[in-house]
Asker: 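Please see the structure below; I have some questions.
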Amino acid sequence: MEKNQINPFLFHFCKELSIHLESLAARQVTIEPSEFAELVATATHEVLESYSSGTIDLLAYRDTSLDQYKELAMKSIDSYADTNEKIGKITEEQADLLEQSNAEPLINFEKINAKFSDIQAHLSDEVSRANEVIYTLLEQVKTLEIKTSLDPLTKTYNRYALHEHIRALLEKEQLNFEIFALMVDVDNFKLINDKFGHIAGDKVLIFLAKLFKKALREGDRVYRFGGEEFIILLNRTDMEGAHLVAERLLTLCRNNKPLFQNQQIAVTLSIGMTKIKEKDTIDTIIERSDTALYRAKNNGKDRLEMEL
């Protein structure tokens with residue numbers, strides 16, 4: 001949320017208050033200060049109710065199911081609730097001021113305009129303070145999204161991020177370019193762990209993640225699917241291009257051996273490739289690429305197989 005944007009809370013508040021004033025003006029030409037203060041409090045309450053119920057979607061993270069996100073969203077609501085109390089005090093003070101400065105028991109609507117400007121100044125200060133809190137919370141959400149989307153060991157995207165990315169792709173009416181999914185598995189990974197230890201196994205996974213990132217283009221994405229399995233999404237390429245990328249990964253892995261305690265560890269990959277289709281689901285994509293991977297394993301490993 002940009003700081004120089006119109007605050008959504010203040011915008012909806014002014015809208016609600018103007019509706020109430022318009023309705024009242026159709027019936028009478030004057031209003032008592034206490035009645036005006038009541039309208040301000042009512043408009044404030046209605047806006048907060050709309051926000052709390054989700055009618056006013058101030059932050060995209062409000063409806064997420066993650067507990068950490070819920071906690072941040074509740075902080076946001078609490079901040080505006082605190083603002084509501086202060087706004088209530090402002091309106092009470094303003095009503096007293098109006099009563100003291102006017103001997104007449106009733107106030108003409110023309111006079112209200114000047115007084116309302118003063119109230120808006122107070123509201124703007126208070127809402128700006130709350131908006132600063134929301135801005136800070138939004139930055140925390142961005143950080144949280146990064147943390148929840150990355151695998152802590154390899155710093156590639158994780159399985160959750162994979163599902164979210166594919167879901168977003170499949171929700172489009174049509175795919176405007178070809179996308180290929182590679183399921184990559186480290187051959188004989190259990191033997192590496194047994195021979196060199198689990199720390200060495202972790203080093204191998206980190207090494208491969210870096211190798212993948214260097215070998216791929218800007219728009220391609222690497223995900224750790226689980227254990228020693230990765231999934232790579234190749235964007236905006238054709239069958240020949242995807243095949244070349246997969247073969248390049250096999251060659252790079254075959255020719256580059258990670259070091260652990262001055263020992264070189266020979267590592268090879270098996271890759272299963274499929275093309276994402278418009279009527280696909282996450283499950284069908286995983287199923288086809290896994291079938292191709294299984295065939296690569298059975299056909300001798302260190303190779304690419306396709307399932308289209």
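Side chains included, hydrogens not; waters and symmetry mates left out as well; all remaining heavy atoms used.
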Asker: Does E287 have any salt bridge (Lys or Arg N to Asp or Glu O under 4.0 Å) partners at least two apart in sequence or in another chain, and if so, which?
Answerer: none
Asker: Identify the heavy atoms of A161 and S149 that sit nearest to each other, and give their distance.
Answerer: CB-O, 3.6 Å
Asker: Please list, one pair per line, the donor and acceptor atoms closer than 3.5 Å that link side chains of residues 255-265 to other protein atoms, with sequence neighbours excluded.
Answerer:
residue : atom : partner : partner atom : Å
N255    : ND2  : T251    : O            : 3.3
N256    : ND2  : L252    : O            : 2.7

Asker: Just jot down the salt bridge (Lys or Arg N to Asp or Glu O under 4.0 Å) partners of R236, sequence neighbours excluded, or say none.
Answerer: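 Checked R236 against salt bridge (Lys or Arg N to Asp or Glu O under 4.0 Å); zero matches.
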Asker: Under the 3.5 angstrom rule, does the side chain of R288 hit a backbone N or O of A181 as a donor-acceptor pair?
Answerer: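 Not confirmed, R288 side chain does not pair with A181 backbone.
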Asker: Group every Ile, Leu, Val, Met, Phe, Trp and Tyr by side-chain heavy-atom contacts under 4.5 Å, then state whether M183 and L308 land in the same group.
Answerer: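 M183 does not cluster with L308.
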Asker: Looking only at side-chain N and O atoms, does Y223 offer a donor or acceptor that is under 3.5 Å from a partner on H165?
Answerer: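 Result is yes, a qualifying pair exists.
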Asker: How many angstroms lie between atom OG1 of T237 and atom CG of D220, to the nearest 0.5 angstrom?
Answerer: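 Reported to 0.5 Å precision, the distance equals 8.0 Å.
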Asker: If hydrophobic clusters are built by linking Ile, Leu, Val, Met, Phe, Trp and Tyr wherever their side-chain heavy atoms come under 4.5 Å apart, do L293 and M273 end up in the same one?
Answerer: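 Per the 4.5 Å side-chain linkage, L293 and M273 are not co-clustered.
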Asker: Between S289 (side chain only) and I286 (backbone N and O only), is there a donor and an acceptor less than 3.5 Å apart?
Answerer: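 It does hold such a pair.
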Asker: Does I276 reach the side chain of L233, with side-chain heavy atoms less than 4.5 Å apart?
Answerer: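 A side-chain contact under 4.5 Å exists here.
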Asker: Any side-chain heavy atom of N158 sitting closer than 4.5 Å to one from R224?
Answerer: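 Heavy-atom side-chain distance check fails, nothing below 4.5 Å.
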Asker: Within the 4.5 Å heavy-atom criterion, are F212 and F230 side-chain neighbours or not?
Answerer: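 F212 vs F230: side chains touch.
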Asker: To the nearest 0.5 Å, how far apart are CG in L304 and CD in E247?
Answerer: 5.5 Å
Asker: F180: which residues meet the ring-ring contact (aromatic ring centres under 6.0 Å, His included) condition with it, sequence neighbours left out?
Answerer: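 Residues passing ring-ring contact (aromatic ring centres under 6.0 Å, His included) with F180: none at all.
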Asker: Does I231 form a side-chain contact (heavy atoms from CB on, under 4.5 Å) with L182? I'd like the steps, not just the answer.
Answerer: CA-CA 5 Å; I231 286 184; L182 308 180; over 6 Å; no
Asker: Rounded to the nearest 0.5 Å, how far does CD1 of I271 lie from NE2 of H243?
Answerer: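 If I round to the nearest 0.5 Å, the distance is 10.0 Å.
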Asker: Starting from the C-alpha separation in whole Å, work towards a yes-or-no answer on side-chain contact (heavy atoms from CB on, under 4.5 Å) for Y157 and L150.
Answerer: CA-CA 4 Å; Y157 290 108; L150 292 181; 4.1 Å; yes
Asker: Not counting sequence neighbours, list each pair that qualifies as a salt bridge (charged side-chain N to carboxylate O under 4.0 Å, His left out) and has a residue in residues 289-298.
Answerer: D185-K297, D187-K297, R295-E305, R295-E307
Asker: Got a list of side-chain donor-acceptor pairs under 3.5 Å for residues 188-211, not counting sequence neighbours?
Answerer:
residue : atom : partner : partner atom : Å
N188    : OD1  : K301    : NZ           : 2.7
K190    : NZ   : D194    : OD2          : 3.0

Asker: Would you mind reporting whether T156 and R221 have side-chain heavy atoms less than 4.5 Å apart?
Answerer: no
Asker: Do the side chains of L244 and F177 join up, straight or via other hydrophobic residues, at under 4.5 Å, putting them in one cluster?
Answerer: no
Asker: State the CD1-CD1 distance between I166 and I282, to the nearest 0.5 angstrom.
Answerer: 5.5 Å
Asker: Minimum heavy-atom separation for A292 and G272, please, with both atom names.
Answerer: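 Closest approach of A292 to G272: CB-CA, 3.5 Å.
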Asker: Would you mind checking if D280 and K277 are paired as a salt bridge, meaning a charged N to carboxylate O distance below 4.0 Å?
Answerer: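 Answer for the salt bridge query: no.
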Asker: On a heavy-atom basis, which atom in L269 and which in C253 lie closest, and how many Å separate them?
Answerer: CG-SG, 3.6 Å
Asker: Does L249 belong to the same Ile/Leu/Val/Met/Phe/Trp/Tyr cluster as M239, with side-chain heavy atoms less than 4.5 Å apart forming each link?
Answerer: yes
Asker: Do L250 and D302 come within less than 4.5 Å of each other through their side chains, counting heavy atoms only?
Answerer: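 Yes. Closest side-chain heavy atoms under 4.5 Å.
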Asker: Search all heavy atoms of D151 against all heavy atoms of T154 and return the closest pair with its distance.
Answerer: OD2-OG1, 2.7 Å
Asker: Could you state whether M306 and I285 fall into the same hydrophobic cluster, counting links through intermediate Ile, Leu, Val, Met, Phe, Trp or Tyr residues with side-chain heavy atoms under 4.5 angstrom apart?
Answerer: no
